[in-house]
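Shown next, in structure tokens, is the structure this report addresses.
Lettering follows sequence order; numbering is per chain, from 1.
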Amino acid sequence: MKKHLYILFIAAVGMLTACKKAGLDRFPQTSISPNLFFNTESDLSLYVNGLLSQPDRNTYLNDQSTDNVATTAAVEVKNIMAGNANAQNITTGWSWSRLRNINYFLENYGKAQVSAAVKNHYAGLARYYRAEFYLDKVKRFSDVPWYSGTLEPGDEELYKARDPRTLIADSIMADLDFAYKNVRESVPVGTPGKWAVATLYARAALYEGTYRKYHNELNLSSSANTFLETAARISGEIIAGKKFSIYNTGKPEQDYGTLFSSQDLTANSEVILVNIFDLSKSKSQNVNSTVFGDYEQAPAKDLLQTYLMKDGSRFTDVANYAQLGFVAEFKNRDPRMSQTMVYPGWIRVPDPTAYIQRLNKNFTGYHQLKGYVNSTDNAILNGVDFPVYRYAEVLLTYAEALAELGTLSQIQLDQSVNLLRKRAGLPDLNLATANANPDPALQLQYPNVTANAGVILEIRRERRVEYAFENMRFDDLMRWKVGKLLTKSPEGMFFAGLGKYDLTGDGVDDIILIDRTATIPGEDQKEKNSLGVKLIYYRAGLIGTDATVYLKNGNTGGNIVTENATRNFEEPKFYYRPIPQQQVILNPKLKQIFGW
Amino acid sequence: MILSASGFAQGIAIKGTVSDAKTGETIPAVNITVKGTNLHIATNSSGVYALSGIKPDAILIFSYIGYKQQEIAVNGRTKIDVSLSPDFANLDEVMVVGFGTKKKINVAGAIDQISGKQLESRPVTNVLQGLQGISPGLNITYAGGAPGSVPNINIRGYTSINGGSPLIVIDGIPATSNDDMLRLTPSDITSFTILRDAASAAIYGARAAFGVILITTKQGVAGNNVISYNTFQSWAKPTLLPKPVTDPYIFSRVLETSTDNTPWDYVNYNDEYYRWAKERSDNPSIADTRLNPTDPTKWAYMGSNDWYNYFFNNSSLSKSHTLTFSGGATVNEKPLTYYLSADYSRDNGLNKLTADYWDRYGLRSKVGFSPLSWLKVDNNLNIYQTKRALPNGNITDLYYLMPTDVAKNPDGTWANTAAGKLAAKLVDGGNNLQNMFGFQNITSATALFLKGDLQVNADASFKRELWKTHNDSKKYKIGYGPNDIREEGGNGSVTENNGYLYNNAFNVYSTYKKTLGDHFFSAMVGFNSEDYSYSTVNASKDVLISSSLPYLSLTSGTATASAGYSAYATNSAFSRLNYTYKNRYILEATGRYDGSSRFPIDRRWGFFPSASLAWITSAEDFFKPLLSTVSTFKLRSSFGDLGNQNVGDFGYIQSLVPGTSGYLIGGNGQNQVINGAPGLNVDPQTYTWERVSTLNMGTDIGLLNDKLSFTFDYYIRDTKGMLTAGQELPGVLGTGVPRQNSADLRTKGWELSVTYRDRFDLGSKPFSFDAKVFLADSKAKITRFKNDQNLFSNYREGQVLGEIWGLQNDGVFRSKAEIAALDESALIPWGALSIVEGWPKYVDLDGNKKIEKGLSSNDPKDLKIIGNSSDRYTIGANLNMDWGGFDLSVFLQGVLKRDFYPHHYLFWGPYQQPYANVYPWNLDFYRGAADSPEQRAKHSASYIAAGLADANTDSQYPVLQSWLADANYGSGLDIPQTKYLLNGAYLRIKNVSLGYTLPVQWTKKFHVNRLRVFVTGENLYEFSSIKKFIDPEAVNQGPSAWAYPYQRRYAFGLNLDF
């Protein structure tokens, strides 16, 4: 009997074990195996849509690295110029995960059972993203390793050296060319199509062309024209395609500003690619508190002085232009200035009266309007669309590329830059006049422009003005090799000295500057202006003293100063960034270049 | 069937009384087992038992905790009175080991058993709170005092770089997560057994690599019917909190000073503000809110608040009620037992403004019966519900509030300050409710054959839980001015998450035991299988139609839905063989073969063996002369090799993860996309178990008739093949490095516990006393890791876990010349602060006139090891005494060595950033020169009195620059350094309880067998140098010690038995 029991027991355990062994597989229910994917067009689209990456309204804050803006933020280039930078503390920009995601698609899309045209459309988009990825890498590091496929841990390729800039640039062009030829024109709104690809294509070519032309440390100037020609050709094709036009309803005082404060840009003729925001669809963004000019950044005087007068003449030709106060310097200017910065008399919702510029230590006194939404309605604040690519850029690229090639004609100028001037209500730019009389102020800024200088400088002015606070300036300064412009500390409003000032343009004083050693009186003792409103008191003094506003000459006036740090732009080193030290330790073949 | 004891039919009836051999008092609830059968009964409240149908040649076993077990042959007698003698070392105590029990003296591993009684007087609503510091090597650390929180549970220190915590087994079935312990009613528990060494834990295989906690719940016994009611009521307040400066003038002036010294001069209070601050500082009775003089449509504030009093409750009420019916009867000469309990507990948080509690409703029904004489069936059903309510806002945000804030405007609206907004968010901003309802039913059968020599067990457990969480966020109103009340907090939203947990577990095992002369053999084989899945459905929708109706259907915005899924299954076969010779040589071997769904098919199975050996030296003849002093001497040793399957459920399966696009594609939201390439989670070629092998050596020594006993264990635990990024790879790989079984770790440690038990007469009444003190230590070191450059960014070979690399402080710079002589520019936070007199100065260890942080231990530059943050020398002490109806227990717990380098606001105040508090210790900052007389005239009396207008060049803290200790950047004072390293050691009086049991002769009149009342205090006091800053346990929360406050509780309660 005992034996029976044992047998029974062992059999029972054995059976249980046997039938359970097969049941140990568990599979995820919230992710999918690659073997079951990449079959249909919808699979390809699901993946490529996941690669979508677009700048948003934070772009309006991205000029902090340039001479357009004074900032209290610790931006990289400021830290570098302060002299404390090395490969150990400059460690950003070496992320490669996006490239892996792109290349993974390019390795797998081919097995889909769809027509070649469909495949090429999606492959084109992936290559467009890859070009964008590598363009950023070239801007930072110049030479970087090129990878066209995903890597595995054992791959020797992980340890390869940098590839030369020429190889990277040619590969970027090849990717963009493929994308331009294969990506469809008609795509879901909010995603890149053929013309968005073309815009990046032209932008990349212009970047590389001008970069090679001006950066003699690369010894690549002989190939600059090839890229400039591509830039001119592609932008010319976009123009010839006539799909887009400058947004101009004949209202120079507001058409330009509309582009940055619209709830819906999807139907705007100027917008080639849009990043859509809509609070009710859970996609919202509000940069009001940072962009306005008293938290982290404020417009610099140098930018204001670049705007022309309304009649097309130069502000810097006005007598005494450097000693004009806030109200005076906004008079009769290019209307885009008042759509980009807060102007005297501007009213901030929901205040009943005009906004009085607030002067804060380390700020310029100017306030940025581009990117600011003058409303308190949450749905409006959060629902403003962002123009990722504007047709204006294509026109500026076209003109600049041709001008740099030396082949720009008045007709081509009329087809491009002058359309922007028309929208702003400015007179046309004349090629011959410009070349005959280059702006001496701009010549000082861009001494390395020689041939065709007059028109090139005016195109650069147009570009700086049209794209102020749209994250174009830093790349421009770099490719034009004028890093030296960054060494000038941004300054602000001009005050002639202590006393009362009108900041709203109504002729009535709003603020009073007293000496920094004086005491601001109590509320009931404060002086009132002719409207019965108390003046706002500031104690003026030199920077670093116990003042509430810093003036260049202390209590005898001058421009507002924002900092007293010295800035040094080392050429050509500071046009490039070091590879993070950790990466060099891991792969010694990654050598630092340009003195890093 | 065949082997059934036919004797039952014609057995005899036996009666008797069990009493204490020394005092003669009768003992209730003594367990009486008829050897070789399933028949158990107990003595009743008068110590009397009655058995019937017993074979005349049967043997009765009498056992009771604290007394030596007795085996008595019936020999045909019908009345057997028994007196039991004390067993001070509890050597006869029956220890629960995996799939069986064992007498303590026969245990060869490192096992500790705690009686559930120990928690009886503790004002704790869950067993986890009670287990802290109760057993050597068991480390329970709470990251904060929020109600219903689950602590980190650990046995024997650092386990693996992938983590790994002990396996919890409740009534023979592995728990699915540590929070299963929250569901248990503390008074339902008979015992906790902690298996620390690998050989003891080995029977549980792959999940037991880092020890096992076995929890056994109570069972009714025939013969002893008891109705118990236990309750307590407690009042809690926060233990220790960092108390900031509340004087508005000192706070404001110091905060401004901190940014004046930086290029970002953000804090600028005007003269008018300071006038008001001074007035309020000099005369706090002046109102703290007024209309803004420059803008009378808005309020202006000048508070002097200690926010802890506003937000925290100082007498937060928690309570617990438990009602139990336990007992059994003999029906047809077979016992029928029952145990029924119902419990309600509320663990209340410290939030004074809004609901913040954790509730449990529990019901347990245990019924046992013998349908056949050789078969016993038990059904153990537990039904439970827990509920956690908390606000949508985070109460720990109060650490950010400035004293100058005000919470409410004079018109009763919430103030336009961070404090007002936090309070508004807590009260009106929405709620979070987490509800869980579940049950677990375990049916067990025990069959005995061959006169009890062969026992076959089977357990089937079914557990299902429904998890339901509701979260809503609502708008709230903030008063900006008397007629300017604005709504804030977005559009409102509702999120509902429903989860379903499914868990089945089966055990089948059989044990054969045989004694042949001096030889005892036992063999056990078994099979176990488990199946687990947890799936969730999540739905949310925004834009509430009405803030007062936060329901999913009453919203008008975007709806989103998602799902979650996790699952695993394991199958195991296991066996244990034991051989004992002459009750003094014990040899045991265990093997377990485990399969887990978490590994690829071809590396799914692992075999994990272990062996242990014990020698009861004191049982040897040669030891006899020593027995009068050394009553017990035992040597033990064990070795085991276990697996750790603590890795992701589907880690080896590469897959594409879908998500929702952050862009409005085609103008529409909620576009499904694929989130890029599959990650290289693991290397599928090699992925398998981590192996953990532990060598344990121990001894048990009993002195003075075992009144004084020592237990000591030493162990070496090797965690091998830890899954980790095999090596650091260049960033161009573009994804995390796939993990391989490529790192090793060694933990060494020891545990010592000393127990003293005694019982004697004091003033003609018996006095009993016992004390248990233990000390444990462990230290872990990485023994293999692929990091050739020894970079600090990863683990390194030879690295002792917890080591703190830092700079050696060398005072402060006192002159421009000193600054020029030593380049500290690499330490400047944000590259922007300037190095001035009063800046911290460090020793230039590498002598290059430059202070730098090295990147690797090969080239640490000016860094060196300045301390270690691991818990060392954990201590626990438990003293109990009992006399004339009074009982007193004192319980201490602590960590005697650890270092802590502080980061963030709670220590650095404005040195972190100028957006929160100033702490009193921050005021001792470097001031190069005294203020001018005209400046002094502006200051408040408090500011002058605090010496803040005077120079202070011999200060504890350096020059007051904001961002100097910024934890977001990791430079300056955020780099660990010798001067500010704190001693995190502490010893805490965890609990003191005093109880009084009313004399039975009084209570009997009311049919009450026992009425005990008690008062108790939890977390009463702490010895620690770090308590000047924070609660010493807040260190467990992390480097910022940003913890929900711990609770000091005072309680009273009663235990009532009928």
Side-chain angles (χ1 to χ4, degrees), chain A residues 1-2 5 9 13 16-17 20-21 23-26 28-34 37 46-47 49-50 52 54 72 74 79 82 84 94 96-97 99-101 104 145 147 150-151 153 158-159 188-191 266 276 278 280-283 361-362 519-520 522-523 563 581-583 585-587, chain B residues 2 263-265 270-272 293-294 449-450 456 508 510 527 529 542 557-558 563-565 567-569 571 573 595 597 604 649-650 653-657 661 663-667 669 671-678 728-735 737-738 789 793 825 828 830-832 855:
Chain A
M1 208 60 228
K2 280 184 198 172
L5 260 176
F9 172 66
V13 170
L16 266 166
T17 316
K20 278 278 167 182
K21 243 179 194 172
L24 275 185
D25 285 328
R26 294 291 181 278
Q29 295 183 354
T30 52
S31 57
I32 183 165
S33 160
F37 200 71
L46 275 177
Y47 194 102
N49 278 342
L52 183 60
Q54 291 190 349
T72 55
N79 282 350
N84 299 325
W94 199 257
W96 293 76
S97 54
L99 181 67
R100 180 181 185 84
N101 291 338
Y104 186 81
Y147 296 104
T150 57
L151 294 162
L158 283 173
Y159 297 95
V189 61
T191 66
T266 56
I276 307 165
D278 187 340
S280 71
K281 289 172 182 163
S282 295
K283 168 85 168 157
K361 287 191 271 187
N362 306 111
T519 306
I520 296 176
E523 283 307 314
E563 58 170 53
Q581 186 61 25
Q582 179 107 346
Q583 296 298 324
I585 295 175
L586 286 168
N587 174 12
Chain B
I2 15 70
W264 304 305
D265 191 3
N270 59 37
D271 299 352
E272 178 60 27
T294 55
F449 307 102
L450 309 174
V456 178
V508 184
S510 110
F527 170 78
S529 104
D542 60 5
T558 316
Y565 178 73
Y568 65 79
N571 283 340
S597 65
R604 179 165 286 171
D649 283 338
F650 313 114
I653 300 172
Q654 291 213 349
S655 57
L656 296 160
V657 182
S661 174
Y663 296 95
L664 299 181
I665 297 173
N671 291 287
Q672 193 78 15
V673 293
I674 295 293
N675 286 333
E728 260 205 273
L729 291 177
V732 293
L733 180 66
T735 182
V737 178
Q789 289 89 16
S793 55
S825 59
I828 296 178
W830 302 103
L855 289 183

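Counting heavy-atom pairs closer than 4.5 Å to chain B, the top residue among Gln581(A), Lys361(A), Glu563(A) is Lys361(A). Note: Ala569(B) leads Ala567(B), Ala569(B), Gly669(B) in heavy-atom pairs under 4.5 Å with chain A. Among Pro730(B), Gly667(B), Gly564(B), the residue making the largest number of heavy-atom pairs under 4.5 Å with chain A is Pro730(B). Each of Ser97(A), Pro28(A), Ala82(A) has some count of heavy-atom pairs under 4.5 Å with chain B, and the biggest count is that of Pro28(A). Among Asn362(A), Leu52(A), Thr191(A), the residue making the largest number of heavy-atom pairs under 4.5 Å with chain B is Leu52(A). Among the candidates Ile585(A), Thr150(A), Ile520(A), the residue making the largest number of heavy-atom pairs closer than 4.5 Å to chain B is Ile585(A).
The two residues Thr558(B) and Ser282(A) have their closest heavy-atom pair at OG1-OG, 3.2 Å. Residues Gly731(B) and Trp96(A) come closest through the heavy atom pair O-CB, 3.4 Å. Ser655(B) and Ser33(A) make their closest contact through CB-N, 4.1 Å (heavy atoms, listed as atom of the first residue, atom of the second, distance).
Residues passing the salt bridge (charged side-chain N to carboxylate O under 4.0 Å, His left out) test with Lys283(A): none are found, sequence neighbours excluded. In terms of the side chain to side chain contact (heavy atoms under 4.5 Å, CB included) criterion, residue partners of Leu151(A) (sequence neighbours excluded) are, by chain and number, Tyr147(A), Asp155(A), Glu157(A), Leu158(A), Val732(B), Leu733(B).
If you measure heavy-atom distances from Val737(B) to chain A, you find no contacts under 4.5 Å at all. Interface residue Gln29(A): backbone and side-chain heavy atoms are both found under 4.5 Å from chain B. Only the side chain of Phe650(B) comes within contact range of chain A, with at least one heavy atom under 4.5 Å from a heavy atom of that chain. If you measure heavy-atom distances from Asp271(B) to chain A, the contacts under 4.5 Å come from the side chain alone. Both the backbone and the side chain of Ile665(B) come within contact range of chain A, with heavy atoms under 4.5 Å apart. With a 4.5 Å cut-off on non-hydrogen atoms, Tyr663(B) touches chain A through its backbone and its side chain both. Gln54(A) touches chain B through backbone and side chain together, each having a heavy atom under 4.5 Å away.
Rounding to the nearest 0.5 Å places OG1 of Thr519(A) at 12.0 Å from CG of Asn270(B). How far NZ of Lys281(A) is from CG of Asn671(B): 10.5 Å, rounded to the nearest 0.5 Å. Note that OG1 of Thr72(A) is 12.0 Å distant from CH2 of Trp830(B), once rounded to the nearest 0.5 Å.
At distances below 3.5 Å, not a single donor-acceptor pair connects side-chain atoms of Gln654(B) with backbone N or O atoms of Pro34(A). Within the 3.5 Å criterion, the main-chain N or O of Ala677(B) finds a donor-acceptor partner in the side chain of Tyr47(A).
Side chains of Ile674(B) and Tyr104(A) form no contact here, defined as non-hydrogen atoms less than 4.5 Å apart. For the pair Asn49(A)/Gln672(B), no side-chain contact is recorded, criterion being any heavy-atom separation below 4.5 Å from C-beta on. Residues Gln582(A) and Leu855(B) have side chains in contact (heavy-atom distance under 4.5 Å, counting atoms from C-beta outward). Contact check for Asp278(A) versus Leu664(B): side-chain heavy atoms found under the 4.5 Å cut-off.
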